[in-house]
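Data first, discussion second: the structure below is written as structure tokens.
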Amino acid sequence: MKLVSCSEAGRVFAGWWREARVLDLAAAGRHINEAADLGSMLAIIRGGDGARAALQRIASRSEEFADVWLDAGRLQFLAPIPVPIRNVFCVGRNYVDHVKEGYARAGKEARLPEVPQFFTKATGAVNSPDGEVRLDPRLTRLLDYEVELAVVIGRGGRDIDATRAHEHVFGYTVANDFTARDLQRRHEQWFKGKSLDTTCPLGPCIVERAEIADPARLELSLSVNGEERQRAHAAQMIFDIPTIIAALSAGLTLEPGDIILTGTPAGVGYAMDPPQALRDGDLVVSRIEGIGELRNRIVAVRRA
Ligand code: MG
């Protein structure tokens, strides 16, 4: 099931996205007297096995809900979790070719990380799948893109063993870890340059874990104004998803609804020769086969 968060006339709800239509899950649940709270993505995730069983019953009776299927064109798609419970967890330098291009740009020999490198993006950075990305030229001259596979945690836990990590995954979505490279360098720490408002589009949906047999086979790609810049398989990650979940949850309790970005492959703008920064009006399309795509326009802030 492709699960989405949508808004219609100011009302936000969780939906099942199928082709050109979206089923309002809470309305469908009421129709067949489901007890589970299906009113928001976080409620569904926190509802665990009970909510998942309710979704399956709804899926098996989908044609009974003629009144609650909505035309997707009338809806605004939001980030699947529009307001995350806390900062978005991220892994840096997790694809060999991306690590190498970064060192090459600095004129240094590449050194691969021996453990996952974690940082976070502020919740205010989260943006909708087709949201505009704000470019403030007073703050940054080097806004860059990073397509990433994002993992949404279902069952929480601490000290999760890598062999059981998949049991803690609710599903997968597409992310772009937009980054102000110059801010990242100036502050000598990644958080500031990674946390500007609107710089973490997510979506368009969460695909449930059971529907993606092997996330390593997913193919990521990104284009700027139609020109392909990134293309790779998740199998090229240095640290795979179970390793990331095990390392992050060591002594740190993961909660249902936590979001983890798993790193970007090669092809980022700053590593190009000459380096390419995103500009006002650029359209960045981030895609993962089997999940969907983000379409984000870069919009420069104008001041009187
Ligand atoms: Mg990144």
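As the structure lists them, so they are numbered: ligands from 1, and atoms in each ligand from 1. Along the sequence shown, the residues carry numbers beginning at 1.
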Do R11 and F13 meet the cation-pi criteria used here (NZ or CZ under 6.0 Å from the six-membered ring centre, within 45° of the axis)? yes
Sorted by chain and number, sequence neighbours left out, salt bridge (Lys or Arg N to Asp or Glu O under 4.0 Å) with D240 holds for none
What pairs of donor and acceptor atoms, side-chain ones from residues 267-278 against any protein atom, are under 3.5 angstrom apart with sequence neighbours left out?
unit_1	atom_1	unit_2	atom_2	d
Q276	NE2	P274	O	3.3

Using the ring of each side chain (for Trp, its six-membered ring), is W16 parallel, tilted or perpendicular to W69, with breaks at 30° and 60°?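 W16 and W69: tilted rings.
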Taking atom CZ of R86 as the centre, report whether more than 12 heavy atoms of other residues, nucleotides or ligands fall under 6.0 Å from it.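 Buried by this count: over 12 neighbours within 6.0 Å.
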Suppose we screen for side chain to side chain donor-acceptor pair (under 3.5 Å). Which residues come up paired with T264, at least two apart in sequence or across chains? Q230
Under 2.8 Å from the Mg ion (ligand 1), the protein N, O or S atoms, given as residue and atom: E146 OE1, E148 OE2, D177 OD2
